[in-house]
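Only heavy atoms go into these numbers, but all of them, side chains included; no hydrogens, no water, no symmetry mates. The residues of the chain are indexed from 1 along the displayed sequence. Since this is a predicted model, take the numbers as computed values, not measurements.
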Amino acid sequence: MRFLRLLTIGERRGRIASVPDLASAVGMGAAYLAQGASYSYIRARSGMVAPRLMEDAAFGEAMDRCKWEGFAAAAGDLALIVEGDLRGHGPAPAAFWRRLYREVLAAEPVPPHRAGAGWDDRIAEFDARLERHIAGPPGGIEDVADFSANVILEYAPVDEIIREVDREMVTNNVKFRFIDHVTDLRRRTDWPALAAAVQAAAQSAGEGLPEPQR
């Protein structure tokens, strides 16, 4: 599947100056972060037996669930981080970010463990987080990424007791990965051009623009 190839590639390339650029960056970034964080945790926890674990079918399915859930969480976190960064360059309505998140998820096939259910619960969760996020000042990367860290930890195929012991380690690992990735994303983004593209896309979709924050 294309998603699995994205997980493996995880490339950071090209300028981000349009809405398609942004959607691609969020999708590829989320895949890259979900794969890296989930595998690094299992390798750290399992040590020398990690390669044998990966050959077990049930364990592999559990890892796939963890990566997919991490992907959905990381896509939402990246969208919220970019929303906060974009505020100083021009207003964008909440409807635009809701639509972007849905498009990022829809660009990939629904994973087997969500067959028949889709991403409705994650979409509703993102919508609620977005409203809270927009209502206040932009959160720091580490604050926003705490959500992805907890989702990845929740779905990691380890015992609950071990999961709790490892919570701080996993959370810090995910946050450091986000900081590194977002730093690169910010460097590659043409913020004035992206702001203009987002506003044009919102107006084309009939989404009212909010008043600029003072």
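- Under a cut-off of 6.0 angstrom, the local environment of CD in Glu160 is crowded, with over 12 non-hydrogen atoms contributed by other residues, nucleotides or ligands.
- Two residues are said to be in side-chain contact when any heavy atoms from C-beta on lie closer than 4.5 Å; Leu105 and Phe126 fail this criterion.
- Arg122 and Asp127 are not joined by a salt bridge, as no carboxylate oxygen comes within less than 4.0 angstrom of a charged side-chain nitrogen.
- Counting heavy atoms from C-beta outward, Ile81 and Arg186 have side chains that approach closer than 4.5 Å.
- A donor-acceptor contact shorter than 3.5 Å links the side chain of Asn172 to the backbone of Glu168.
- Seen from the ring of Phe147, Arg129 counts as a face-on cation partner, given the 6.0 Å and 45° thresholds.
- When side chains are defined from C-beta on, Ile134 counts as touching Glu83, because their heavy atoms get closer than 4.5 Å.
- At distances below 3.5 Å, not a single donor-acceptor pair connects side-chain atoms of Arg187 with backbone N or O atoms of Thr183.
- For the side chain to side chain contact (heavy atoms under 4.5 Å, CB included) test, residues two or more places apart in sequence or in another chain that qualify with Ala149 are Thr171, Val174.
- Salt bridge absent: Glu154 and Arg167 never bring a charged side-chain N and a carboxylate O closer than 4.0 Å.
- Residues Val26 and Val144 fall within the same hydrophobic cluster, defined by Ile, Leu, Val, Met, Phe, Trp and Tyr side chains chained together at heavy-atom separations under 4.5 Å.
- When side chains are defined from C-beta on, Asp190 counts as touching Pro192, because their heavy atoms get closer than 4.5 Å.
- Under the 4.5 Å side-chain criterion, counting only non-hydrogen atoms from C-beta, Leu33 is in contact with Leu78.
- In terms of modelled atom types and a separation under 3.5 Å, the side chain of Asp166 and the main chain of Met169 share no donor-acceptor contact.
- Taking a cutoff of 4.0 Å between a charged side-chain nitrogen and a carboxylate oxygen, Asp64 and Lys67 qualify as a salt bridge.
- In this structure, Ala37 and Ile152 approach most closely via the heavy-atom pair CB-CD1, 3.8 Å.
- When side chains are defined from C-beta on, Val82 counts as touching Leu185, because their heavy atoms get closer than 4.5 Å.
- If you chain together hydrophobic residues whose side chains sit under 4.5 Å apart, Leu130 and Tyr101 fall into the same group.
- Closest approach of Gly27 to Phe71, counting heavy atoms only: O-CE1, 3.4 Å.
- Annotation: side chain of Tyr39 is in contact with side chain of Met63 (closest heavy-atom distance under 4.5 Å).
- Here the shortest heavy-atom pairing between Ile42 and Pro157 reads CD1-CD, 4.0 Å.
- The minimum heavy-atom distance between Ser18 and Ala197, with the atom names listed, is CA-CB, 4.0 Å.
- In this model, no donor atom of one side chain and acceptor atom of the other lie less than 3.5 Å apart for Tyr41 and Asn173.
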Candidate pair Arg102 and Ile123, rule side-chain contact (heavy atoms from CB on, under 4.5 Å), full reasoning:
CA-CA 7 Å; Arg102 287 159 172 77; Ile123 288 172; 3.1 Å; yes
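- Using the six-membered ring where Trp is involved, Trp68 and Trp119 have ring planes that are tilted, between 30° and 60° apart.
- A donor atom on one side chain and an acceptor atom on the other are not found under 3.5 Å apart for Asp21 and Ser24.
- Rounding to the nearest 0.5 Å places CD of Glu61 at 14.0 Å from SG of Cys66.
- Side-chain atoms of His113 and Glu69 form a donor-acceptor pair, as typed in the model, at a separation below 3.5 Å.
- The CD atom of Glu125 lies 12.5 Å from the CG atom of Asp120; values are rounded to the nearest 0.5 Å.
- Put simply, the side chain of His89 never gets that close to the backbone of Trp191: no donor and acceptor are under 3.5 Å apart.
- Pro138 has its side chain within reach of Arg87: a pair of non-hydrogen atoms, C-beta onward, lies under 4.5 Å apart.
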Using the side-chain contact (heavy atoms from CB on, under 4.5 Å) rule, take Glu131 and Arg98 through it: C-alpha gap first, then chi angles, then the decisive distance, then the call.
CA-CA 10 Å; Glu131 291 301 324; Arg98 289 194 293 267; 3.1 Å; yes
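- No donor-acceptor distance shorter than 3.5 angstrom exists from the side chain of Ser148 to the backbone of Ala145, with no hydrogens or angles considered.
- Between Val19 and Ala201, the shortest heavy-atom contact is CG2-CB, 3.8 Å.
- Side-chain atoms of Asn150 come within 3.5 Å of backbone N or O of Asp146 as a donor-acceptor pair.
- Distance alone, capped at 3.5 Å, is enough to place a donor-acceptor pair between the Arg163 side chain and the Leu153 backbone.
- In this structure, Ala75 and Ala30 approach most closely via the heavy-atom pair N-CB, 3.4 Å.
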